[in-house]
Amino acid sequence: MHIPDGGEPKSRRGRGVTMQDVGRMAGVSQVTVSRALSDPAKVSPDTLRRITQAIEATGFVPNALAGALASRRSGLVTALVPSITNIIYASMVQAFGLRMRDAGYQILLSETGLTLEAEEETLARHLSRRPDAVLLTGIHHTARTRRMLLASGIPVVEVWDFTETPIDACVGFDHAATGRAVGDLAADLGHVQAATVCAGDERAKRRMAGFAMQFTRRGGQAVLELGYDDQASLARGRAALARLLDEMGFDRGLVFCSSDILAHGVLIEAQARGLRVPQDIAVVGFGDQEFSDATNPPISTVHVDREAFGRAAAEALLSGIEGRRDGPAAIDLGFRILRRGSA
């Protein structure tokens with residue numbers, strides 16, 4: 001290939017390096033280059049060496065989508081999560097990604113926020129890339145999202161929630177049961193008054209509803225509920241306890257938070273006001289984040305094995321891709337309450 005005075009192949013400045021360019025430099029046909037890329041064993045070692053050298057010299061990147069049209073595989077797997085900064089989702093996706101990469105797949109990851117409509121829009125864009133499988137967060141989706149997934153015919157796993165009737169497979173736990181278990185804990189500890197602090201996530205709201213129902217069923221007063229439409233933060237946790245104390249008549253009892261970061265904020269505000277934890281205000285979070293056992297006192301929380309969720313989700317998709325799974329798979333990995341110094 002002639003390289004002009006500018007120092008790079010002419011094709012790289014315009015239409016991009018093509019398979020034909022690689023073949024010309026290697027002294028073979030475009031068909032031979034294609035054959036070498038799809039099955040190196042079909043060409044001689046010398047031919048493969050010259051093609052490889054030409055690819056390295058030109059910076060040619062094979063068209064994975066074109067190959068997918070022939071093989072019906074793109075090597076891509078979609079993963080959609082509400083937040084890529086939330087450690088709960090980040091650690092789960094990391095474990096998921098490691099297993100999928102070990103199996104030869106790359107992850108196409110996007111953040112959807114907290115609305116079903118954002119998930120629908122993002123999924124449509126991802127499906128246009130022809131992924132081989134899809135990971136979604138949660139079991140609730142728009143009607144169009146469900147139609148797109150069913151029409152795609154590819155394996156789907158819904159994580160971080162549980163249903164006996166998933167779209168294809170699900171790996172999760174029962175959020176309402178989680179809340180009920182914390183409600184039993186609050187009652188067993190002798191609390192008469194309780195409150196919930198919840199971020200704007202549908203699954204978190206189910207945990208709070210389960211808690212409120214069980215706590216009152218066990219003889220407690222009506223639970224005071226305080227919610228936010230956005231993500232959890234330390235500041236919102238502090239502001240929540242301030243409102244509960246100053247405006248909503250909460251003076252002592254247990255506060256159940258939808259995340260450990262909100263619980264940490266509640267803990268800080270209680271201590272700033274001279275309240276004793278857990279004697280005056282008991283605090284329970286969710287997620288068992290890394291800092292939770294390092295606060296003073298350590299935060300009682302609900303533990304779910306995030307890495308196990310990621311690995312199980314990957315196995316569910318791989319079994320679907322490889323045709324090893326017959327019918328829907330619903331896996332409940334459960335949860336456990338970790339009692340520490342805050343409750």
K.L.:
Give a yes or no on whether Phe286 and Leu244 share a hydrophobic cluster (residues Ile, Leu, Val, Met, Phe, Trp, Tyr; joining criterion: side-chain heavy atoms under 4.5 Å apart).
P.N.:
no
K.L.:
Mind jotting down which residue pairs meet the side-chain hydrogen bond (donor to acceptor under 3.5 Å, both in side chains) criterion with at least one end in residues 258-275? Sequence neighbours excluded, please.
P.N.:
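Qualifying pairs, neighbours excluded: Arg238-Glu269, Asp246-Arg273, Asp260-Ser292, Asp260-Thr301, Glu269-Arg273.
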K.L.:
Considering residues at least two apart in sequence or located in another chain, which fulfil the side-chain contact (heavy atoms from CB on, under 4.5 Å) criterion with Glu225?
P.N.:
Thr196, Ala212, Val223
K.L.:
Under a 4.5 Å cut-off applied to non-hydrogen side-chain atoms, are Ile299 and Phe291 in contact?
P.N.:
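Counting from C-beta outward, Ile299 and Phe291 do come under 4.5 Å.
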K.L.:
Counting C-beta onward and ignoring hydrogens, is there a side-chain heavy-atom pair between Leu37 and Ile55 closer than 4.5 Å?
P.N.:
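Heavy-atom side-chain distance check passes, below 4.5 Å.
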K.L.:
To the nearest 0.5 Å, how far apart are CD in Glu117 and CD in Glu119?
P.N.:
9.5 Å
K.L.:
Which side-chain N or O atoms in residues 76-83 pair as donor and acceptor under 3.5 Å with protein atoms at least two apart or in another chain?
P.N.:
{"unit_1": "Thr78", "atom_1": "OG1", "unit_2": "His126", "atom_2": "ND1", "d": "2.9"}
{"unit_1": "Ser83", "atom_1": "OG", "unit_2": "Thr85", "atom_2": "N", "d": "3.2"}
{"unit_1": "Ser83", "atom_1": "OG", "unit_2": "Thr85", "atom_2": "OG1", "d": "3.1"}
{"unit_1": "Ser83", "atom_1": "OG", "unit_2": "Asn86", "atom_2": "N", "d": "3.2"}

K.L.:
Of all residues at least two apart in sequence or in a different chain, which pass the side-chain hydrogen bond (donor to acceptor under 3.5 Å, both in side chains) check with Arg144?
P.N.:
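Arg144: side-chain hydrogen bond (donor to acceptor under 3.5 Å, both in side chains) contacts with Glu120.
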K.L.:
Any side-chain heavy atom of Arg130 within less than 4.5 Å of one from Ile154?
P.N.:
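No, too far: nothing below the 4.5 Å cut-off.
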K.L.:
Show the numbers, then the answer: is there a side-chain hydrogen bond (donor to acceptor under 3.5 Å, both in side chains) between Gln53 and Arg50?
P.N.:
CA-CA 5 Å; Gln53 289 175 343; Arg50 286 185 283 119; over 6 Å; no
K.L.:
Name the orientation class of the two ring planes belonging to Tyr89 and Trp160 (parallel below 30°, tilted from 30 to 60°, perpendicular beyond 60°).
P.N.:
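Perpendicular: the ring planes of Tyr89 and Trp160 meet at over 60°.
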K.L.:
Measuring only between side-chain heavy atoms, which start at C-beta, is Arg236 closer than 4.5 Å to Asp230?
P.N.:
yes
K.L.:
Flag yes if Val134 and Val159 sit in one hydrophobic cluster, no otherwise; membership is Ile, Leu, Val, Met, Phe, Trp, Tyr, and two members link when side-chain heavy atoms are under 4.5 Å apart.
P.N.:
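No; tracing contacts between hydrophobic side chains, which count when under 4.5 Å, never links both residues.
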K.L.:
Is the number of heavy atoms from other residues, nucleotides or ligands under 6.0 Å of Arg49 CZ greater than 12?
P.N.:
yes
K.L.:
Between CD of Glu111 and OG1 of Thr137, what distance do you get to the nearest 0.5 Å?
P.N.:
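Nearest 0.5 Å value for the CD-OG1 distance: 10.5 Å.
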K.L.:
Residues in side-chain contact (heavy atoms from CB on, under 4.5 Å) with Ala312, at least two apart?
P.N.:
Val171, Leu333
K.L.:
Is there a side-chain contact between Val266 and Leu262 (heavy atoms, below 4.5 Å)?
P.N.:
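No. Closest side-chain heavy atoms not under 4.5 Å.
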K.L.:
What pair of heavy atoms forms the shortest contact from Asn296 to Leu267, and how long is it?
P.N.:
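So the minimum-distance heavy-atom pair works out to O-CD2, 4.1 Å.
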K.L.:
Looking only at non-hydrogen atoms, find the nearest pair between Ala199 and Ala232 and report the distance.
P.N.:
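Of all heavy-atom pairs spanning Ala199 and Ala232, the closest is CB-N, 3.8 Å.
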K.L.:
Just verifying a value: how many Å separate Met208 CE and Cys257 SG, rounded to the nearest 0.5 Å?
P.N.:
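Rounded to the nearest 0.5 Å, the CE-SG separation comes out at 7.5 Å.
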K.L.:
Any non-hydrogen side-chain atom of Gln193 less than 4.5 Å from a side-chain atom of Leu224?
P.N.:
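Gln193 vs Leu224: side chains touch.
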K.L.:
By the salt bridge (charged side-chain N to carboxylate O under 4.0 Å, His left out) test, which pairs, at least two apart or in different chains, include something from residues 297-318?
P.N.:
Arg99-Glu315
K.L.:
Hey, what do you get for NE2 (His303) to CZ (Arg336), rounding to the nearest 0.5 Å?
P.N.:
4.5 Å
K.L.:
Once side-chain contact (heavy atoms from CB on, under 4.5 Å) is applied, do any residues pair with Ala209, and if so which ones, sequence neighbours excluded?
P.N.:
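Ala209 satisfies side-chain contact (heavy atoms from CB on, under 4.5 Å) with no other residue.
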K.L.:
How would you list, by chain and number, every residue that makes a side-chain hydrogen bond (donor to acceptor under 3.5 Å, both in side chains) with Thr52, sequence neighbours excluded?
P.N.:
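Thr52: no side-chain hydrogen bond (donor to acceptor under 3.5 Å, both in side chains) contacts found.
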K.L.:
Take the angle between the ring planes of Phe211 and Phe256 and call it parallel below 30°, perpendicular above 60°, tilted in between.
P.N.:
tilted
K.L.:
Suppose we screen for salt bridge (charged side-chain N to carboxylate O under 4.0 Å, His left out). Which residues come up paired with Arg243, at least two apart in sequence or across chains?
P.N.:
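With sequence neighbours excluded, Arg243 shows a salt bridge (charged side-chain N to carboxylate O under 4.0 Å, His left out) to Glu247, given in chain and number order.
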K.L.:
Quick one: list whatever passes side-chain hydrogen bond (donor to acceptor under 3.5 Å, both in side chains) with Thr32, sequence neighbours left out.
P.N.:
Ser29
K.L.:
Report yes if some heavy atom in the side chain of Leu98 is under 4.5 Å from a heavy atom in the side chain of Arg101; otherwise report no.
P.N.:
yes
K.L.:
Quick test of your reading of the model: are Arg340 and Asp288 salt-bridged, counting only N-O distances below 4.0 Å?
P.N.:
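Yes, Arg340 and Asp288 are salt-bridged.
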K.L.:
Applying the 4.5 Å side-chain criterion to the ILVMFWY set and letting contacts propagate, would Phe162 and Val304 be lumped into a single cluster?
P.N.:
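Cluster IDs for Phe162 and Val304 differ.
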K.L.:
I need the full list of salt bridge (charged side-chain N to carboxylate O under 4.0 Å, His left out) pairs touching residues 178-199, with sequence neighbours left out, sorted by first then second residue.
P.N.:
Asp184-Arg218, Asp188-Arg218
K.L.:
I'd like to check the side-chain contact (heavy atoms from CB on, under 4.5 Å) partners of Glu322; sequence neighbours left out, ordered by chain and number.
P.N.:
Leu318, Arg324
K.L.:
Please examine the side chains of Leu317 and Tyr105, heavy atoms only from C-beta on, and report whether any two atoms are closer than 4.5 Å.
P.N.:
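No, too far: nothing below the 4.5 Å cut-off.
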K.L.:
What distance separates Phe173 CZ from Phe309 CZ, expressed to the nearest 0.5 Å?
P.N.:
5.5 Å
K.L.:
To the closest 0.5 Å, what do you measure between CD1 (Ile321) and CG (Asp132)?
P.N.:
5.5 Å
